[in-house]
Amino acid sequence: MSESKALSFHVPAPAVRPGGTPDFSDVKISSAGEVERPPVDVAPEKIREHAFKIIRVLDRNSQAVGPWAGLLSDAELLEGLRHMMTLRAFDARMQMAQRQGKTSFYMQHMGEEAVSCAFRKALEKGDMNFPTYRQAGLLIADGYPMLDMMNQIYSNELDPMKGRQLPVMYSSREHGFFSISGNLATQYIQAVGWAMASAIKGDSRIAAGWIGDGSTAESDFHAALVFASTYKAPVVLNIVNNQWAISTFQGIARGGSGTFAARGLGFGIPALRVDGNDYPAVHAVAKWAVERARRNLGPTLVEYVTYRVGAHSTSDDPSAYRPKTESDGWPLGDPVLRLKNHLILRGVWSEERHKQAEAEIMSEVIAVQKEAETHGTLHTGPHPSARDMFEGVFEEMPPHLRRQRQQGGV
Ligand SMILES: Cc1ncc(C[n+]2csc(CCOP(=O)(O)OP(=O)(O)O)c2C)c(N)n1
């Protein structure tokens, strides 16, 4: 025993730190059009390699190529561009509103707009998403009113959550957007349960679970995969790999598995990786996975390879843990720019129209913001009634809560 070498403890570390040169040489990027598109009823073991490649449609010249291309019309792509631009403008205004003290907190989507916006277009009315706090594109792309989102962020008198939730923790049953919870990963297993219930009832609605790269380390992620694979639940299990979990780089949560998608292999769940900054690719892969679920072929795990360009939240300063210019080095580019260039190439869009749309969208967002602010912000009234604090804790208010409410004089 005494002759054995001393053991050493391994802590994965990112390639660079602040002050260094961005380095994404470890991200193996497939060429656009390169990855095969299997039939939806493919046996999982036949597509093991898909868990290590990246499905891409838009190539370096902005052309749509390969077997996953061509599913969307020009009109649909233009609509997709508009959704992403709206989300970006919304983010910019709400980020600023937080800095002005009009709300306590905000979380941006910068760089990840394609993921939730394109995914939503693959679902049908009645399907249910179980999102994290970074999928507001699901709401924007489904036509949920921006006014309701802002009212929630301001916790004002029209806040649909009545001021009980942290900003960005939206909820809309009607728009297939399950109430966001602050506790990471809990929604992933709930998505599977919802999908199981749909199957038990003989319904045709499917569920989509959402999780970030960091949160896959939570036990609920693993529980979700066990239940989804055992019961072949009609669910799409989405992992948004934006490279970061606050200050922790994705290699920590990924550990020894080559990719996050590869986590599905041990559970017998078909697993695909897709370029998360490629709107048509995200949509095509989402459609594939949604169809599998709808045809009762079971769950699919999808890893969206993207990059969190913004800070984690308004409480975070990324320059403390990664190079300031790291997002410029991200090899998959910017989702808005890439779709814009593709549409210009198709002859249905132009630089001028893009500039004009940007201005239009921004003034629309500002108009909604002005209206929301007439109903109150963090530091100006009106607010939801303090009475509301006691509602909804139980279906019927128990006597002790009624007493507390009386003591509070509301
Ligand atoms: C159970 C739990 N642990 C820790 C936190 C604190 N926390 C909030 S966001 C976050 C990082 C999540 O990163 P990731 O899953 O990669 O998603 P991203 O924010 O990058 O979209 C952490 C640790 C929490 N909200 N819940």
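Counting starts at 1 for both ligands and their atoms, following the listed order.
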Query raised in the report: Is the number of heavy atoms from other residues, nucleotides or ligands within 6.0 Å of NZ (Lys370) greater than 12?
Result: no

Report summary line: Sorted by chain and residue number, the side-chain contact (heavy atoms from CB on, under 4.5 Å) partners of Ala293 (sequence neighbours excluded) come out as Ile206, Pro234

Query raised in the report: Salt bridge check: are Asp213 and Arg254 linked by an N-O gap of less than 4.0 Å?
Result: no

Requested in this report: Tell me, please, which residues at least two apart from His175 pass ring-ring contact (aromatic ring centres under 6.0 Å, His included).
Outcome: Tyr144

**Report entry** Residues Arg205, Glu124: salt bridge by 4.0 Å N-O rule
**Finding:** no

Requested in this report: Give every residue pair that meets the side chain to side chain donor-acceptor pair (under 3.5 Å) criterion with at least one member in residues 378-400, sequence neighbours excluded.
Outcome: Thr377-Thr380

**Report entry** Protein residues that have a heavy atom under 4.0 Å from any atom of ligand 1, sorted by chain and number
**Finding:** Tyr133, Arg134, Gly182, Asn183, Leu184, Gly212, Asp213, Gly214, Ser215, Glu218, Asn242, Trp244, Ala245, Ile246, His312

